[in-house]
Undergrad: 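Input: one structure, supplied below.
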Amino acid sequence: MAPMLRSIALPLLPTIVSAARYEEYILAPSSRTLHPAAVYNINGTVTGAASLTENPSGSATFQGPSAVTYDFGINIAGIVSLQLASADADQYIGLTYSESSLWISGEGSDATADAGIDETLWFHITEPGTYTVDRKHERGGFRYLSLIHNTTGSVEVGEVTVHYTPMPHWDGDQLKAYTGWFHCNDELVNRIWYAGAYTNQICTIDPNWGNSLIHLGEIESDQEGDRVGTVTWYNNFTITNGSSALVDGAKRDRIVWPGDMAIAVPTLTVSTYDLITVVNSLDSLFDLQNSTTGQLPYAGRPFPLLYSATYHLYSLIGVADYYLYSGDVDYLQGKWSQWNAGLNFSLSFIDNSGMMNVTSPNDWLRFGMGGHNIEANSILYYTINQGIMLGGVLNEDASLLNGWARQAATIRESANRLLWNETAGMYHDNETTTLMPQDGNSWAVVSNLADTDEKKAAISAGLAARWGPYGAPAPEADDAVSPFISGFELQAHFLAGDASAALELVRLQWGFMLDDPRMTNSTFIEGYAADGELHYAPYTNDPRVSHAHGWATGPTGTLVFEFGGIHLLSAAGQTWEIAPALGGLTAVDTGFETTVGLFSSQVNASTDGTVTGMKFVTPAGTMGSVRLPGVSGQLMSENGTMVSLVGGMARNVSGGTWTLRPAGAPVQAEGKAASGTSMSVLVIAAGILALML
Ligand SMILES: *[C@@H]1O[C@H](CO)[C@@H](O)[C@H](O)[C@H]1NC(C)=O
Ligand SMILES: *[C@@H]1O[C@H](CO)[C@@H](O)[C@H](O)[C@H]1NC(C)=O
Ligand SMILES: *[C@@H]1O[C@H](CO)[C@@H](O)[C@H](O)[C@H]1NC(C)=O
Ligand SMILES: *[C@@H]1O[C@H](CO)[C@@H](O)[C@H](O)[C@H]1NC(C)=O
Ligand SMILES: *[C@@H]1O[C@H](CO)[C@@H](O)[C@H](O)[C@H]1NC(C)=O
Ligand SMILES: *[C@@H]1O[C@H](CO)[C@@H](O)[C@H](O)[C@H]1NC(C)=O
Ligand SMILES: *[C@@H]1O[C@H](CO)[C@@H](O)[C@H](O)[C@H]1NC(C)=O
Ligand SMILES: *[C@@H]1O[C@H](CO)[C@@H](O)[C@H](O)[C@H]1NC(C)=O
Ligand SMILES: *[C@@H]1O[C@H](CO)[C@@H](O)[C@H](O)[C@H]1NC(C)=O
Ligand SMILES: *[C@@H]1O[C@H](CO)[C@@H](O)[C@H](O)[C@H]1NC(C)=O
Ligand SMILES: *[C@@H]1O[C@H](CO)[C@@H](O)[C@H](O)[C@H]1NC(C)=O
Ligand SMILES: *[C@@H]1O[C@H](CO)[C@@H](O)[C@H](O)[C@H]1NC(C)=O
C-alpha cells in the first residue's frame, strides 16, 4: 500500500486548510470527545440531567433508584467515562446502550448474541473521580446511553463523555475530511448519501477490538423471542493486521465479511477513499485461504472456517474492486496466485448442467441456497469476467483466460436455458422451484448473465412491481427487506435503463431507514420485515439487529457512479465513461478522488431525465467517453477545444474540464469554479495522505 500512495504527485501539506465540500451534511463528529446531545427520558429522581448535555455545566444528581437515558442524536461508538463529583458510600451506576429507541432498558443493552440482551456494565462507586469502561467493553454502536442508579442514597455525576473510537487511523479532528461529495435538489437523497458514508466510518474499527463471538452457537432463542436473560459480551479479538478494519456492523458482528464489502467498498471509495482499511480486511480473508483447496472463508476471524459459494467469490470480487478503485497493480500481482486458486475452487463445482452446483447453504442468510442457484451462478459469471479483466492487466496466459471465457459462456447459456421463465419475466432460484428471488434476479442483471435487454427490462419491472410501503421484499428470505440485496437491485434498475425506478427505491426504502423514529437518523439497518417491523427474518432475537451495516449503503456508491454517471473503467480511472442518468432529479453535483486524480460531474436535467446542462472533470492524462442519450451538441474544454456528440456519444475524450454546449445554445462564459474546487479537494487529499503515511 505505501509505495502506491507515495507515487501520488501531491504536496504533503502539514494541515488541512480547506473544508470538505458540503461539510454541513457530514455526520462524523469533529472531535473524539463527545457529550450527550439531549436527555431522552428520566425515571425516578434525577436533578440536573440536562446540564450534562452538549457543553456540560453543573452536575446530575441521582437520588434513590433512578435512571437517565441520554440521546447522542446520531449513532456513535466508543468508550464511556463518568466523572463522579460526589457519592454516598457503596453506590452503583450501571450503563446500558441501544442503537434503536426500541431497546432502551434498565435491564441491559440491545443484543449482540443470538439470544438474550447484553449485560449492564456496573461501576462500584467508592470515591469521587473518573470511572472509565474497560476497552474490551467499548460499545460499537449506540445512539442511546442509559445511566442506572440502583441503590438508596445519592450520586452526583459531573460529566458523561464518550471517547469516539471509529476510524482509529484518522486524527480525531479530521473525521469529516471526505474526498468525495454528493449534492442534488432532493434533501432526502442528500441525507441518504451522507448517512451511507457515515455508516461505513462507524464500521471502520481498531482491529484489536473485534468481537470475540463468545456465545456463537451456544445460546438459542425460540421463535417467540424468549429472553434467556442477560449475557456477557466483550470485544477483544484481533481480527486483522494493520490499524483499521472494515467490519460488517458497528455493534455486531464487528468481524470482516466479504459479501458486505461488495457494497461497503464502493461507498467508501466515493466518500473517504480509505483504501488501507480495505487492504487490511481483504488480507485477513486471504490469510485464511486453504492452501490445498483454494477455499476462502465465509467470514474473517474469529468466525469458524466454513464454505459459502457466494462469499468465497466476494473475496475475489473484493480484490477486483480494490484494484479498480486504486490502480494498485503490485497488490493485484501479489494476490494473483491465491486469486487463481480461489477461482479454480469455484470452477470445480461446475457440473454437466454447465452451472455451479452449490453445496453449502451459507450466503447472506437467505434461505434455500443450493443446487444450480441463479444468484451464485450470476456471481460466478461476474467473477470469471473480473478475472479475465485482471488477467489482462497482468498479461496472463491467453489460454487460461480463453478457458475462463468458455466456462463463463457455458454458465450464461445454461442459466438462461434452465432458469429463465419467459412468462414471469424472471429467473427461478434453481430448476426445482418457481421461487423467483430478488438476489439472483438483481445479480443476473448486474453480472450481465441476463442475455438480452428485454430480460433486463422485464426483471427491473418485475422487481419494482413487488415493492411494498417499506421497500423491496426478498422472497428468498421470507420477504424480509434486505438493504444489502436492494443495493444490487438499485444497480439492476440502472443497467436495465430505469434510473427513475432506482431513485424511487432509494427514496422509499432508504428514506424509511433514515427517518423512522426507531432508527438512528444517521446509519442504515441490516434488515427488517416487509411490514416495517424491526424483525429481520434470519434472527429470532430482534434486539440483535445491527443499525449500522455497511452492506446497507448501496445508494452512496450508486448515486455517484450511476446517477452522477462517473464510471471508472480501469485502474483508478485511467479510462472512464461519463454517463449521467438523473432519474427525475433535476440537479446533481458529485465527485471523488482516486490515486489518479479528481473526478467530478455536475448535471442539470429536466424531470423526464433529459440532460440540459453538464460539466465534468477527469484527470489530465486519462481518456474516456461520454454518453448522453438524446443530447446533441458539443463538449467544450477549458482551453476551447471542442468535441461533437455523435448520436449522444463522444469517444476518445482526454481528461480535463469539459462543459456541454447543447446544440443551438449560446456560448456560455466559463467561471473559475472548477479549478478552485478541485484544488480544495486536492488539499484535503494531501492532508489525509499525510495522516496515513
Ligand atoms: C424507565 O422506565 C420505563 C417504564 O418502566 C422502562 O420501560 C425503562 O426501561 C426505564 N428506563 C431505564 C433506563 O431504566
Ligand atoms: C446494584 O447493582 C450491583 C451490580 O449488579 C449489585 O451488586 C448491587 O447489589 C445492586 N444493588 C441493589 C440495591 O440492587
Ligand atoms: C477477552 O476478555 C475475556 C474476558 O475478560 C478474557 O477471558 C479473554 O482472555 C480475552 N481474550 C483475549 C484474546 O484477550
Ligand atoms: C497478520 O499477518 C501475518 C503474516 O501474513 C499472518 O500470519 C497473521 O495471521 C495475520 N494476522 C491477522 C489477524 O490477520
Ligand atoms: C483444507 O482443505 C482440506 C480438504 O478439504 C482439509 O482436509 C484441510 O483440513 C483444510 N485445511 C485447513 C487448514 O482447514
Ligand atoms: C487450477 O486447476 C487446474 C486443473 O483443474 C490446474 O491445472 C491449475 O494449476 C490450477 N491453478 C491453480 C492456481 O491452482
Ligand atoms: C431450490 O430453491 C428453493 C427455493 O429457494 C429451495 O427451497 C431449494 O432448497 C433449492 N434447491 C436446492 C437443491 O438447494
Ligand atoms: C450437488 O451436489 C450435491 C453434493 O455433492 C449432490 O448431492 C447433488 O445431487 C448435486 N445437485 C445437483 C443438482 O446436481
Ligand atoms: C413461470 O412463472 C409463472 C408465474 O408467473 C408460473 O405460473 C409458471 O408455472 C412458471 N413456469 C414454469 C415452467 O415453471
Ligand atoms: C435527523 O437528522 C437531520 C440532520 O441530518 C435533522 O435535521 C433532523 O432534525 C433529524 N430528525 C430527527 C427526527 O431527529
Ligand atoms: C445548472 O443549473 C444552475 C441553475 O440554473 C446553473 O447555475 C448551473 O450553472 C447549471 N450547471 C450546469 C453544469 O449546467
Ligand atoms: C485542451 O484540453 C484538452 C482536454 O483537457 C487537451 O486534450 C488538449 O491537449 C488541450 N489543448 C491544448 C492546445 O492545450
Side-chain angles (χ1 to χ4, degrees), residues 285-299 301-310 312 338 341-342 344-346 348-349 351 353 355-378 415 418-419 421 424 426-441 443 473-480 482 485 537-538 575-576 578 596-600 615-626 634-644 650-660 670 674-675 678:
L285 297 169
F286 279 85
D287 191 52
L288 295 172
Q289 186 174 31
N290 184 313
S291 57
T292 310
T293 62
Q295 180 181 315
L296 287 152
Y298 186 21
R301 294 183 174 87
F303 203 78
L305 283 176
L306 297 175
Y307 175 57
S308 158
T310 51
H312 169 88
Q338 284 186 276
N344 244 18
F345 183 68
S346 295
S348 72
F349 289 89
D351 62 21
S353 73
M355 286 187 277
M356 170 168 65
N357 176 14
V358 177
T359 57
S360 156
N362 298 324
D363 194 13
W364 57 271
L365 300 184
R366 57 157 290 171
F367 308 117
M369 171 52 71
H372 300 135
N373 176 274
I374 183 65
E375 184 210 16
N377 276 283
S378 296
L418 295 169
L419 302 180
N421 180 331
M426 282 204 190
Y427 293 94
H428 291 168
D429 213 26
N430 56 55
E431 319 92 307
T432 59
T433 180
T434 53
L435 184 136
M436 293 174 277
Q438 184 196 15
D439 61 6
N441 280 286
W443 257 108
E476 68 278 25
D478 270 3
D479 282 339
S482 169
I485 296 306
T575 58
W576 41 264
I578 303 292
V596 168
L598 175 77
F599 292 81
S600 74
K615 178 174 193 162
F616 69 88
V617 178
T618 50
T622 64
M623 187 68 87
S625 59
V626 177
Q634 292 179 305
L635 300 171
M636 184 174 76
S637 160
E638 264 187 330
N639 63 15
T641 303
M642 300 288 223
V643 173
S644 293
R651 292 191 172 82
N652 300 320
V653 179
S654 307
T657 300
W658 296 91
T659 307
L660 172 68
E670 275 310 303
S675 52
S678 65

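Indexing begins at 1, ligand by ligand and atom by atom, following the structure's order.
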Undergrad: Give me the atom names and distance for the closest heavy-atom approach of Thr433 to Leu435.
TA: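 Thr433 and Leu435 have their closest heavy atoms at OG1-N, 2.9 Å.
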Undergrad: Is Thr433 close to ligand 7, meaning an N/O of one under 3.5 Å from an N/O of the other?
TA: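 So ligand 7 has no N or O lying under 3.5 Å from an N or O of Thr433.
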Undergrad: Which of the atoms of ligand 7 are close to Arg366, meaning less than 4.0 Å from one of its heavy atoms?
TA: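 Listed by number with element, the hits are 5 (O).
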Undergrad: Of all heavy-atom pairs between Ala477 and Ala537, which one has the smallest distance, and what is that distance?
TA: O-CB, 3.5 Å
Undergrad: For ligand 7, note which part of His372 has a heavy atom under 4.0 Å away: side chain, backbone, both or neither.
TA: neither
Undergrad: Please tell me whether Ser482 and Trp364 have a donor and an acceptor in their side chains that are separated by less than 3.5 angstrom.
TA: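 Trp364 and Ser482 do not have a side-chain donor-acceptor pair below 3.5 Å.
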Undergrad: Can you name the residues that form a ring-ring contact (aromatic ring centres under 6.0 Å, His included) with Phe303, not counting sequence neighbours?
TA: Trp257, Tyr298
Undergrad: So which heavy atom on Met623 is nearest to which on Asn652, and how close?
TA: SD-C, 3.6 Å
Undergrad: I need the minimum non-hydrogen distance between Asn357 and Asp351, along with the two atoms involved.
TA: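 Distance-wise, the nearest heavy atoms are CB-OD2, 3.6 Å.
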Undergrad: Between ligand 12 and the protein, tabulate every N or O atom pair separated by less than 3.5 Å, reporting distance only.
TA:
unit_1: ligand 12; atom_1: 2 (O); unit_2: Ser637; atom_2: OG; d: 3.1
unit_1: ligand 12; atom_1: 2 (O); unit_2: Asn639; atom_2: OD1; d: 3.3
unit_1: ligand 12; atom_1: 2 (O); unit_2: Asn639; atom_2: ND2; d: 2.6
unit_1: ligand 12; atom_1: 5 (O); unit_2: Gly655; atom_2: O; d: 3.0
unit_1: ligand 12; atom_1: 7 (O); unit_2: Ser654; atom_2: OG; d: 3.2
unit_1: ligand 12; atom_1: 11 (N); unit_2: Asn639; atom_2: ND2; d: 2.7
unit_1: ligand 12; atom_1: 14 (O); unit_2: Asn639; atom_2: ND2; d: 3.1

Undergrad: Please report whether ligand 5 has a polar contact with Thr292, defined as an N or O pair separated by less than 3.5 Å (distance criterion only).
TA: no
Undergrad: Please confirm whether Gly370 comes within less than 3.5 Å of ligand 7 when only nitrogen or oxygen atoms on both sides are compared.
TA: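 It does: an N or O of Gly370 is found under 3.5 Å from an N or O of ligand 7.
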Undergrad: Parallel, tilted or perpendicular: which describes the rings of Phe345 and Tyr307, with under 30° parallel and over 60° perpendicular?
TA: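 Geometry flag for Tyr307 against Phe345: perpendicular rings.
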Undergrad: Grab the two heavy atoms, one from Leu635 and one from Val626, that are nearest each other, plus how far apart they are.
TA: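 What the structure gives for the nearest pair is CD1-CG2, 3.7 Å.
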